[in-house]
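All of these numbers come straight from a predicted model, not from anything done at the bench. In what follows, every heavy atom counts, from backbone to side chain, and hydrogens, waters and symmetry copies are set aside.
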Amino acid sequence: MLKSLAGDVGHPVQGLEEFVKDFRRRFLNLLGFGFREFSSVMALSVLEAINNATKGSESERSDLTAGELNYLLTPFDIKRLESYANNMLDYHVIMDLLPTVAMLYFERRLGPDAKLSAIQSSILLSLGLQRKTIEDVEAELQVPVSQGLALFVKSIRKICKRLQDVHKEAISATIPRADTSVVHNAAPGDGASTWKPVAESLANEMEEEAQKVTQQLNEKQKELIKSLDVSRLSISSPNNAL
């Protein structure tokens with residue numbers, strides 16, 4: 001007995017997501033082998049159908065973590081990608097990293113911020129997963145090599161930004177957040193504690209303290225002047241000397 005796997009719109013059939021994920025991973029890996037002869041447009045259409053099958057599922061996307069990124073790409077690898085994105089290296093220098101980068105993108109691990117256009121996705125799939133040359137891309141997509149490389153470097157630049165954001169998010173999560181705008185007030189013997197906002201900012205408090213110190217110094221100077229015997233410092237008149 002056959003049963004349809006089609007679910008409601010936005011509500012995939014339960015258990016279908018894991019099956020689709022497994023198929024997508026195997027399909028992406030096989031693009032460098034038997035499916036290498038596929039055109040990039042055909043491969044993208046297959047991936048689009050896969051993504052539509054799990055659209056709306058909570059487990060449909062799993063964002064990349066810093067731990068996974070450090071395992072897949074070393075700091076030197078990311079530096080190479082950044083250098084290429086800044087037009088400091090030739091694309092041949094990062095060819096060994098393209099399969100990993102392409103897998104992360106097409107497995108939707110980079111999040112919605114790293115969104116490429118259709119032609120950029122075709123170039124990344126051809127170079128990274130199907131191991132084609134830029135000349136093969138030129139013949140297939142009817143795009144000059146110079147234009148294809150220009151689109152490709154924009155893709156790497158966008159992906160690099162996302163990889164940097166992953167590291168930044170991991171570092172910011174380890175930094176404790178100190179809030180200097182509140183003080184902790186608790187009544188003696190009271191287990192509950194309350195937080196009340198500081199009436200004045202730290203800068204105002206420092207300015208007031210500085211004014212108090214200056215006033216105290218002025219008062220001490222006045223007291224010192226009063227304690228002096230001014231008569232001893234007076235100069236006698238010349239007529240009195242005669």
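Applying the ring pair (Phe, Tyr, Trp, His ring centres under 6.0 Å) definition to pairs two or more places apart or across chains, those involving residues 130-163 are Y84-F152. Here salt bridge (charged side-chain N to carboxylate O under 4.0 Å, His left out) pairs that include residues 120-131, with residues two or more places apart or in two chains, number zero. Residues in residues 91-117 take part in no ring pair (Phe, Tyr, Trp, His ring centres under 6.0 Å) pair, two or more places apart or across chains. Within the structure, the salt bridge (charged side-chain N to carboxylate O under 4.0 Å, His left out) test picks out the following pairs touching residues 133-150 (sequence neighbours left out): K132-E140.
Although no hydrogens or angles enter the test, the distance criterion places no donor-acceptor pair under 3.5 Å between the side chain of Q147 and the main chain of P144. A donor-acceptor pair is defined here as one N or O able to donate and one able to accept, closer than 3.5 Å; no such pair exists between the side chain of Q130 and the backbone of L127. Distance alone, capped at 3.5 Å, places no donor-acceptor pair between the D22 side chain and the E18 backbone. The backbone N or O of I171 lies less than 3.5 Å from a partner atom in the side chain of T174, making a donor-acceptor pair. In this structure a side-chain-to-backbone donor-acceptor pair under 3.5 Å is present from R162 to L110.
When each of L98, L31, N29 is paired with L129, the side-chain contact (heavy atoms from CB on, under 4.5 Å) condition holds for L31 and for no other. Each of L72, V166, L64 was evaluated against R109; a single residue qualifies, L64, per the side-chain contact (heavy atoms from CB on, under 4.5 Å) test.
The environment of E48 atom CD is sparse: at most 12 non-hydrogen atoms of other residues, nucleotides or ligands sit within 6.0 angstrom. Residue R25 qualifies as open at atom CZ: its count of foreign heavy atoms under 6.0 Å is 12 or below. Within a 6.0 Å sphere centred on NZ of K158, heavy atoms belonging to other residues, nucleotides or ligands number more than 12.
At a threshold of 4.5 Å between non-hydrogen side-chain atoms, the residues L149 and V153 do not count as touching. Between S40 and L141, the closest side-chain pair of non-hydrogen atoms falls below 4.5 Å. Side-chain contact between I159 and L124: present, with at least one pair of heavy atoms (C-beta onward) separated by less than 4.5 Å. The shortest side-chain heavy-atom distance between V41 and L44 does not fall under the 4.5 Å cut-off.
Taking F35 as the reference, F27, F38 meet the ring-ring contact (aromatic ring centres under 6.0 Å, His included) condition, with sequence neighbours excluded. By the salt bridge (Lys or Arg N to Asp or Glu O under 4.0 Å) test, D96 pairs with R80, sequence neighbours left out.
One distance of note links CD1 of I78 with CG of L97; it measures 9.5 Å at 0.5 Å rounding. Annotation: the span from T65 atom OG1 to N70 atom CG amounts to 8.5 Å, rounded to 0.5 Å.
In this structure, L69 and H167 approach most closely via the heavy-atom pair CD2-NE2, 3.5 Å.
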- Between I94 and V101, is a side chain to side chain contact (heavy atoms under 4.5 Å, CB included) present by the stated rule, with each step listed? CA-CA 10 Å; I94 64 167; V101 172; over 6 Å; no
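At a threshold of 4.0 Å, the pair R24-E107 does not count as salt-bridged, since none of the basic side-chain nitrogens sits closer than that to a carboxylate oxygen.
Transitive grouping of hydrophobic side chains (ILVMFWY, heavy atoms separated by less than 4.5 Å) brings L163 and Y71 into a common cluster.
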